[in-house]
Amino acid sequence: MSQIINGFTGFNRSVQDDPEVMFSRANEDAEEPREVLPFNEEELEAIGPTDRRWSWLEIDRSAIQHNVQATKRLLKPPTRLMAIVKADAYGHGAVEVAKTATAAGATFLGVATIDEGIELRRAGLTQPILMLSQPPEEAVALLLYYRIMPAIYTHEFAMAYAECADLHGMMAPFHLSINTGMNRIGVRHDEAVSFLRQVSFHRALRLEGCLTHFATADSTETLDWERQMRRFWDCMASIEAAGFDPGIVHCDNSASIYRYPKTHFDMVRLGISLYGYHAAPDTRNYVELKPAMSVHARITNVASVPMSEGVSYGMNYRSPGNVKICTVPLGYCDGLIRLLSGKIDFAYNDRAVHQVGNICMDQCMFEVDMRSHPGRKTPDPRIGDEVLIAGVHPNVDCSVETMAKLACTIEHEVTIGFSHRMARIYK
């Protein structure tokens, strides 16, 4: 007997909410006996990530290598290079990037959290790792066990770190984080000597380096950068005059590495430019960088949508006719920013195709013009065809830089946003 539900006829189903029951043929009408092929678990596991979902990232190791080596050529020995691999190497994969960068000449690794450092250690990375801030005091044992140096700026943390080290018969190496004007973290530049005097009595503490971070190294206006630089220079002079060895002195981020060679000091920190992106427009004059990330997908559906019919949520786009609407399986959950809906191009068959309709959580669509054009073959998009969503292309501007500009953000946020639902393929 059917039921009336909200005006519609609903039919009772006898199938239980059990996957084994739902997929079973045990209750089907009797059939002639035939051989049933069981699934092979090894064969199932062998189905690769790009065959499970048709969207993925490709990371070009040679681009990472090039960016490290091109930057190192601008440094005078013995200046070292730290590869910043925090935030899963800006979305590129911390372990693989760290291995590639250190093989290319990076001697330090920079992270933002303890777990990021632990991941590198467990993967076999032995280079010095600097955590660019302090974790909670409760986690100091992890720093010591995994040999991750913190950037210290509070007395309480310094003592907790030193006491834990002393308890285990270890030294507690650290870098002193100095606030020269960014006002995010760090000991004030004019209080650094006082801070070191307060903590230096502890036999386990060992000052390995001093650092600051520039807030405007990428800006055409240099007044704030110069103020920070003078403060840092004076601070280092004061530390030395007080009898302390500042250790490895470093302050340059990607922008200042190329723009201000005089501040290379003992080490530079290569962040966004490690991945091939310029931190300031004029750094293109000093170094050639190669973007390492590209985003790819395959078409999962092709539809001829009649004129004036809408596409996607809100139907903000309507078909002009003579187009095919193609779907690819990635959306804002994968990091394709919804704000970019209707603003970006993809590359298909070496041509620009415009993304249309609102980007959905798991999918988005693009338009292929099917009209005849002199001297151009009419496209024939099919399920399974590959599309370049983001990356360097000779004919189509689908770059991460353009995406960032259209989304009013920076390349960092775009690359970090591409989620691990998509496989990362290293070339």
Side-chain angles (χ1 to χ4, degrees), residues 19 44 47-59 88 91-93 293-370 379-393 396-409 411 413-425:
L44 293 176
I47 298 173
T50 57
D51 289 327
R52 299 185 185 205
R53 188 174 186 230
W54 275 351
S55 57
W56 68 95
L57 299 180
E58 291 184 4
I59 309 299
D88 197 34
H92 293 68
M293 176 185 288
S294 56
V295 185
H296 304 255
R298 293 188 185 277
I299 295 172
T300 56
N301 190 64
V302 179
S304 297
V305 178
M307 181 182 293
S308 80
E309 284 203 13
V311 170
S312 193
Y313 294 112
M315 294 192 174
N316 299 321
Y317 162 89
R318 294 189 178 272
S319 169
N322 291 317
V323 298
K324 286 191 176 179
I325 301 300
C326 301
T327 302
V328 287
L330 80 162
Y332 59 78
C333 185
D334 303 294
L336 191 62
I337 303 170
R338 191 173 184 271
L339 180 66
L340 295 175
S341 296
K343 299 177 182 178
I344 54 176
D345 290 334
F346 304 150
Y348 170 65
N349 279 357
D350 290 331
R351 297 175 187 165
V353 289
H354 199 60
Q355 189 279 318
V356 296
N358 279 332
I359 294 169
C360 308
M361 181 180 288
D362 314 300
Q363 303 174 84
C364 67
M365 285 65 76
F366 65 88
E367 172 193 271
V368 177
D369 184 357
M370 302 302 293
D380 182 23
R382 299 188 179 191
I383 290 175
D385 287 353
E386 185 171 333
V387 183
L388 179 63
I389 304 299
V392 177
H393 190 280
V396 181
D397 184 4
C398 53
S399 66
V400 167
E401 292 97 329
T402 294
M403 283 187 172
K405 192 177 300 182
L406 291 172
C408 299
T409 186
E411 291 90 344
E413 186 174 2
V414 176
T415 61
I416 288 170
F418 288 117
S419 79
H420 278 272
R421 264 201 340 180
M422 292 190 293
R424 278 156 173 73
I425 308 298

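The side-chain hydrogen bond (donor to acceptor under 3.5 Å, both in side chains) pairs that include a residue from residues 330-342 are Arg53-Asp334, Asp334-Arg421, where partners are two or more places apart or lie in different chains. A ring-ring contact (aromatic ring centres under 6.0 Å, His included) check over residues 294-315, counting only residues at least two apart or in different chains, returns the pairs Trp56-His296.
Two residues are said to be in side-chain contact when any heavy atoms from C-beta on lie closer than 4.5 Å; Ser319 and Glu367 fail this criterion. Side-chain contact between Trp54 and Ile383 is present, with at least one heavy-atom pair separated by less than 4.5 Å. The closest side-chain heavy-atom distance from Gln355 to Phe346 is below 4.5 Å. Within the 4.5 Å cutoff, side-chain heavy atoms of Val387 are placed close to those of Ile389. A heavy-atom distance below 4.5 Å is not found between the side chains of Thr327 and Phe366. In this structure the side chain of Tyr348 never reaches within 4.5 angstrom of the side chain of Glu386, judged on heavy atoms.
Nearest approach of Arg318 to Gly310, heavy atoms of both residues: NH1-N, 3.5 Å. In this structure, Ser55 and Met422 approach most closely via the heavy-atom pair OG-CG, 3.6 Å. Taking both residues in full, the closest heavy atoms of Cys360 and Met365 are given as SG-CE, 4.3 Å, listed atom of the first, atom of the second, then distance. For Arg424 against Ser419, the heavy-atom pair with the smallest separation is NH1-O, 3.2 Å. The two atoms that bring Arg298 and Pro329 nearest to each other are O-CD, 3.2 Å, heavy atoms only. Residue Val396 comes nearest to Ala352 through the heavy atom pair CG2-N, 3.5 Å, listed as atom of the first residue, atom of the second, then distance.
Here the CD atom belonging to Gln363 is positioned 12.0 Å from the SG atom belonging to Cys333, to the nearest 0.5 angstrom. The CD1 atom of Ile337 sits 7.5 Å away from the CZ atom of Phe418 when rounded to the nearest 0.5 Å. Atom NE2 of His92 sits about 9.5 Å away from atom CD1 of Ile416, to the nearest 0.5 Å. Separating the NZ atom in Lys324 from the CD1 atom in Ile299 is a distance of 10.0 Å, to the nearest 0.5 Å. Atom CD1 in Ile344 sits 8.0 Å away from atom CG in Leu406 (nearest 0.5 Å). A distance of 12.0 Å separates CG in Asn349 from CG in Leu388, rounded to the nearest 0.5 Å.
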- Task: Walk me through it: do Ile425 and Ile59 pass the test side chain to side chain contact (heavy atoms under 4.5 Å, CB included)?
- Result: CA-CA 6 Å; Ile425 308 298; Ile59 309 299; over 6 Å; no
- Message: Set out, in order, the CA-CA distance, both residues' side-chain angles and the distance that settles side chain to side chain contact (heavy atoms under 4.5 Å, CB included) for Val295 and Leu330, then state yes or no.
- Response: CA-CA 10 Å; Val295 185; Leu330 80 162; 3.9 Å; yes
- Item | Evaluation steps, side chain to side chain contact (heavy atoms under 4.5 Å, CB included), between Val328 and Thr300 | CA-CA 6 Å; Val328 287; Thr300 56; 5.7 Å; no
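No side-chain donor from either of His354 and Asp369 sits under 3.5 Å from a side-chain acceptor of the other.
Among residues two or more places apart in sequence or in another chain, the side-chain contact (heavy atoms from CB on, under 4.5 Å) test is passed with Val392 by Pro291.
A side-chain contact (heavy atoms from CB on, under 4.5 Å) with Ser312 is found for one member of Ile359, Ile325, Asn358 and no other, namely Asn358. Under the side-chain contact (heavy atoms from CB on, under 4.5 Å) test applied with Met403, the options Leu339, Leu336, Asp397 reduce to a single match, Leu336.
Within a 6.0 Å radius of CD in Glu401, more than 12 heavy atoms belonging to other residues, nucleotides or ligands are found.
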